[in-house]
Visitor: 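Below is the structure I would like to discuss, written out as structure tokens.
It should be emphasised that the depicted structure is a prediction, and the values quoted were computed from it without experimental measurement.
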Amino acid sequence: MGRWRPPRPRGSRYITAEGAQRMRAEVKHLWEEERPRVTQAVSDAAKLGDRSENADYIYGKKRLREIDSRVRFLTKRLEEISVVDRIPDDKEKVFFGAWVTLEDDEGESVCYRIVGPDEFDVKAGLISMDSPVARALLGRKLDDEVDIRQGEKWQTFYITDIRYEE
């Protein structure tokens, strides 16, 4: 079995202003702080002599490749994304960037923000607009009933709040 894997499908091209700012900050950190530090460590390790058995040199070079790859990816992605920084006219519907509060039949509620695929973090309540949950929510209105598949079963939620950050 080979190591080749088919490329992942491209995510949507939208991102919030906060997400774009975080991506720019990561590029800046990697390029201006992390890379020079690792480059210096590799240079110091190279001065010690035999590079074939020098773990600091080998792992430093590997880390440099990882940093360069990540910077390349982020730079290309920042060129092709569209920053969504305005609130929709109809605030009663769920659109990109909305904070949506859902309530189930037992009365338990959960809150999600619909964001771009480059910035999702489920633990922080940020879900990708390409996810099944977000696709089920987009375009819905307050008090709408939404059926979301969770594993093998379907669960019904009710939209109890929709809000946008100004």
Side-chain angles (χ1 to χ4, degrees), residues 1-88 93-102 110-140 146 148-151 157 162-166:
M1 182 164 141
R3 293 177 51 172
W4 183 85
R5 301 285 182 268
R8 291 186 317 172
R10 278 278 191 199
S12 299
R13 294 180 172 216
Y14 299 107
I15 192 168
T16 62
E18 300 88 17
Q21 184 60 36
R22 279 193 301 273
M23 285 178 78
R24 286 187 198 99
E26 183 179 355
V27 169
K28 183 177 179 170
H29 169 75
L30 287 172
W31 193 252
E32 295 179 3
E33 296 174 28
E34 185 78 11
R35 194 173 196 289
R37 185 182 57 76
V38 174
T39 302
Q40 184 61 47
V42 168
S43 176
D44 293 344
K47 292 176 185 174
L48 297 176
D50 187 13
R51 297 177 185 170
S52 65
E53 295 180 9
N54 188 333
D56 289 339
Y57 179 81
I58 293 169
Y59 292 118
K61 293 291 282 186
K62 180 179 183 231
R63 179 67 184 136
L64 279 175
R65 286 190 300 273
E66 291 169 354
I67 290 169
D68 290 344
S69 175
R70 182 69 179 161
V71 167
R72 243 186 336 272
F73 169 78
L74 290 172
T75 304
K76 285 181 182 180
R77 189 68 177 150
L78 281 167
E79 289 173 0
E80 67 185 23
I81 58 176
S82 298
V83 178
V84 178
D85 56 358
R86 69 176 194 89
I87 297 172
K93 278 187 166 182
V94 178
F95 293 108
F96 181 85
W99 282 97
V100 183
T101 304
L102 302 172
V110 63
C111 186
Y112 295 119
R113 183 174 189 201
I114 299 174
V115 296
D118 297 304
E119 55 186 327
F120 78 91
D121 180 3
V122 178
K123 290 180 182 175
L126 306 174
I127 60 172
S128 170
M129 66 182 292
D130 298 331
S131 70
V133 174
R135 279 189 262 140
L137 293 173
L138 287 170
R140 299 296 183 105
V146 181
I148 298 174
R149 185 177 184 164
Q150 294 187 330
F157 291 93
I162 302 170
R163 67 185 189 283
Y164 294 89
E165 291 183 354
E166 304 264 342

Visitor: What's the separation between atom OG1 in Thr101 and atom CZ in Phe157, rounded to the nearest 0.5 Å?
Guide: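 Thr101 OG1 to Phe157 CZ: 12.5 Å, rounded to 0.5 Å.
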Visitor: Between Ile148 and Leu102, what is the shortest heavy-atom contact and its length?
Guide: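 In this case the closest contact between Ile148 and Leu102 is CD1-CD1, 4.3 Å.
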Visitor: Applying the salt bridge (charged side-chain N to carboxylate O under 4.0 Å, His left out) test to Asp118, which of Arg77, Arg22, Arg13, Arg24 qualifies?
Guide: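 With Asp118 as partner, salt bridge (charged side-chain N to carboxylate O under 4.0 Å, His left out) holds for just one option, Arg77.
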Visitor: Taking all heavy atoms of Ala45 and all of Asn54, pick out the closest pair and write down the distance.
Guide: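 The pair with the smallest heavy-atom distance is O-ND2, 2.8 Å.
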Visitor: Could you grab the distance from atom CZ of Arg5 to atom CZ of Arg3, nearest 0.5 Å is fine?
Guide: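 Result: 9.0 Å between the selected atoms.
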Visitor: When you measure from the side chain of Ser128 to the backbone N and O of Asp130, does any donor-acceptor pair fall under 3.5 Å?
Guide: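 The answer is yes, because a donor-acceptor pair under 3.5 Å joins these two groups.
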Visitor: Taking the side chain as everything from C-beta on, heavy atoms only, tell me whether Tyr59 gets closer than 4.5 Å to Val42.
Guide: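 No. Closest side-chain heavy atoms not under 4.5 Å.
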Visitor: Asp85 side chain to Ala17 main-chain N or O, any donor-acceptor pair under 3.5 Å?
Guide: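 No; judged by distance alone, with no hydrogens or angles, the pair does not exist.
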Visitor: Could you check whether any side-chain N or O of Arg72 sits under 3.5 Å from a backbone N or O of Leu74, counting only pairs where one atom can act as donor and the other as acceptor?
Guide: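 Answer holds: no.
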Visitor: Which pair of heavy atoms, one from Trp99 and one from Cys111, lies closest together, and at what distance?
Guide: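 Taking every non-hydrogen atom into account, CE3-SG, 3.6 Å.
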Visitor: Could you grab the distance from atom OG1 of Thr75 to atom CD of Glu80, nearest 0.5 Å is fine?
Guide: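 Answer for the OG1-CD pair, Thr75 versus Glu80, is 11.5 Å.
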Visitor: If you round to the nearest 0.5 Å, how far is CD of Glu34 from CZ of Arg70?
Guide: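 Rounded to the nearest 0.5 Å, the CZ-CD separation comes out at 12.5 Å.
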Visitor: Checking the side chain of Glu119 only, and the main-chain atoms of Thr16 only, is there a donor and an acceptor separated by less than 3.5 Å?
Guide: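 Checked: pair present.
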Visitor: Grab the two heavy atoms, one from Met23 and one from Ile81, that are nearest each other, plus how far apart they are.
Guide: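 Closest approach of Met23 to Ile81: SD-CD1, 4.4 Å.
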Visitor: Flag yes if more than 12 heavy atoms outside Tyr14 fall under 6.0 Å of its OH atom; otherwise flag no.
Guide: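 Incorrect, the count does not exceed 12.
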Visitor: Search all heavy atoms of Val38 against all heavy atoms of Gly60 and return the closest pair with its distance.
Guide: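 For Val38 versus Gly60, the nearest heavy atoms are CG1-O, 3.5 Å.
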Visitor: Please determine whether the number of non-hydrogen atoms from other residues, nucleotides or ligands lying under 6.0 Å from atom CZ of Phe95 exceeds 12.
Guide: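 Check passes, neighbour count above 12.
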Visitor: Give, for atom CZ of Arg86 and atom CZ of Phe96, the distance between the pair rounded to the nearest 0.5 Å.
Guide: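 Arg86 CZ to Phe96 CZ: 12.5 Å, rounded to 0.5 Å.
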Visitor: Among Glu26, Glu32, Glu33, find the residue that satisfies the side chain to side chain donor-acceptor pair (under 3.5 Å) test when tested with His29.
Guide: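 Exactly one option meets the side chain to side chain donor-acceptor pair (under 3.5 Å) with His29, and it is Glu33.
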Visitor: Measuring from atom CG of Leu30 to atom CZ of Arg37, what distance do you get when rounded to the nearest 0.5 angstrom?
Guide: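 That separation rounds to 10.5 Å.
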Visitor: Give the minimum heavy-atom separation between Leu64 and Arg35, together with the two atoms involved.
Guide: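 So the two residues come closest at CD2-CG, 3.8 Å.
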